[in-house]
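Worksheet: the structure to be examined is printed underneath.
Both counts, for ligands and for their atoms, begin at 1 and track the order of listing.
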Amino acid sequence: MLMSQFFLPVLKENPSEAQIVSHRLMLRAGMIRQTAAGIYSWLPLGLRVLKRIEQIVREEQDASGAQEVLMPTIQPADLWRESGRYDDYGKEMLRFQDRHERDMLYGPTNEEVITDIFRHAVKSYRDLPKNLYHIQWKFRDEVRPRFGVMRGREFLMKDNYSFDLDYAAARHSYNKMFVAYLRTFERIGLKTIPMEADTGPIGGDMSHEFIMLAETGESQVHCHADYLEFDAMAEDIDYDQDLSPVIAHWTSHYAATDEKHDQARFEAEVPEARRISTRGIEVGHIFYFGTNYSAPLGATVTGPDGEEVTVEMGSYGIGVSRLVGAIIEASHDADGIIWPESVAPFKVGLINLKVGDAACDQAARDLYDRLRGAGIEVLLDDTEERAGSKFATMDLIGLPWQLVLGPRGVKSGTVELKHRRSGERQELSPDGAIDRLVGG
Ligand code: ATP
Ligand code: MG
């Protein structure tokens, strides 16, 4: 991509409406613009990141055996009347009527729709288990939308729903999602800690929130510091095997949000030096709810002995658009964003310091073409901005690598490679730089 053609409306000044760093940087880096309170448009740079996160989420869902579907954003109120939730859901639900005066709503979640699809399609225990996911926009009319995409009214969520014959099978489905979530967040470059969450009237231990520790988070959380050293990618996972040892490892220490926090237990179980009490951002939530929806909606299958069995369900959500903000909260410095490579909008920013100089233009174009030929995404700054401003923009948008090319280097056959995160710089030949970027 050529910067001169790229739609990248960066802001030099800090926007006054942004209270936290991720919101500020997303606006300044031209990633998003607010269209209405809590409702955002995604501009090219932001959309690239959103899509990359979405793709990692998708790959890990697929690896776990879940299958992708796409349900609509608009739902009929009648389904929610059947489940009994229509009146309870309250003002967070955006309700309206179509031209035939039928009550409709913009989906805040999809339990009803998926259960409706399932009950008409699946009749036998032989077709179980099933786990279906989609990545779709949701609307919740939050009282206080704030912090940009972190608490929007319209936001992108990956949600999925598991269907099983009995409790043991439902637990295995739950465990699969537990592991898939750990791996997803690790690949995205986020340390998250699964924390016990409220199970409501269902009881039991099958509800966890995946929390990223951050001062700007909205929940108060408490956990053992050892979790920060756990590595979700340390071993290969076979999703058909019993996953309970992995779950046992990841729940072996204390970790709870305020809702479930027990200070006495915390102090008894965690040595003082290892206690972390801070704030956290909920990026995912998994939840087993038995027959809460399948019973009222009549989602049953014929069991092995010919009896009707009401299926056991769970639902699982990842805040895909919230993750963009969460990553920035975890990874930035005074100059701007620092993207983890796995989600970066481009891997390399190539700066031509002297646009208009034939030798520099030629060398920049050469490097650009060769990197792209090697499958590397590059943003070439071919604008006539001052050098200082080019450096500042590149730092602000946070691409993992910068390549700087000027008249002096062109003469001596070198380019400068800068690593955004460490700030390390190296003088390399163009070939050396390409090898370095293709290799690592
Ligand atoms: P919260 O407690 O933050 O309001 P929730 O518990 O209501 O979230 P869930 O129903 O568990 O949310 O939704 C699954 C995921 O969707 C959450 O873990 C979060 O990452 C994301 N999410 C929920 N609400 C929002 C929102 N208003 N804006 C952006 N992401 C959201
Ligand atoms: Mg939640």
| Option with minimal heavy-atom separation from atom 31 (C) of ligand 1, where the choices are Phe155, Phe147, Phe139 | Phe155
| Does a side-chain N-to-carboxylate-O contact under 4.0 Å join Arg171 and Asp242? | no
| said: Check this for me: does any side-chain nitrogen of one of Glu59 and Arg187 sit under 4.0 Å from a carboxylate oxygen of the other? | reply: yes
| Can we say Glu218 and Arg151 salt-bridge, meaning some charged N sits less than 4.0 Å from an Asp/Glu carboxylate O? | yes
| said: So if I count the atoms of ligand 1 from 1 in the order they appear, which ones are less than 4.0 Å from some heavy atom of Gly284? | reply: 18 (O)
| query | atom 21 (C) of ligand 1: which protein heavy atom is closest, and how many Å away? | reply | Gly319 CA, 3.6 Å
| message | Would you say the ring centers of Phe155 and Trp137 fall short of 6.0 Å from each other? | response | no
| query | Going by distance only, is there an N or O of Gly152 that falls short of 3.5 Å from an N or O of ligand 1? | reply | yes
| task | Please calculate the OE2(Glu282)-the Mg ion (ligand 2)-ND1(His285) angle and round it to 10 degrees. | result | 100°
| message | Is it the case that the side chains of Asp159 and Tyr161 hold a donor-acceptor pair, with the cut-off being a distance below 3.5 Å and no angle test? | response | yes
| said: Any donor-acceptor pair under 3.5 Å linking the side-chain atoms of Tyr106 with those of Gln75? | reply: no
| request: Identify which of Arg140, Met157, Lys138, His285 has a heavy atom lying nearest to atom 12 (O) of ligand 1. | output: Arg140
| field | Thr109 to ligand 1, any heavy atom closer than 4.0 Å | value | no
| task | Tell me which protein heavy atom sits closest to atom 18 (O) of ligand 1, plus the residue, atom name and distance to 0.1 Å. | result | Glu282 OE2, 2.7 Å
| request: Compute the shortest N/O to N/O distance between Arg322 and ligand 1 and return yes if it is under 3.5 Å, no if not. | output: yes
| task | Take every heavy atom of Met150, measure it against each atom of ligand 1, and state whether any distance is under 4.0 Å. | result | yes
| query | Is the distance between the ring centroids of Phe210 and His285 under 6.0 Å? | reply | no
| Of all the atoms in ligand 1, which lie at a distance below 4.0 Å from a heavy atom belonging to Val149? | 29 (C)
| message | Please check whether Arg151 reaches ligand 1 - meaning an N/O of the residue sits under 3.5 Å from an N/O of the ligand, judged on distance alone. | response | yes
| Charged N to carboxylate O below 4.0 Å: is that the case for Glu186 and Lys191? | yes
| query | Measuring to the Mg ion (ligand 2), does Glu209 have an N/O/S atom at a distance below 2.8 Å? | reply | no
| salt_bridge(Lys347, Glu341) N-O dist < 4.0 Å | yes
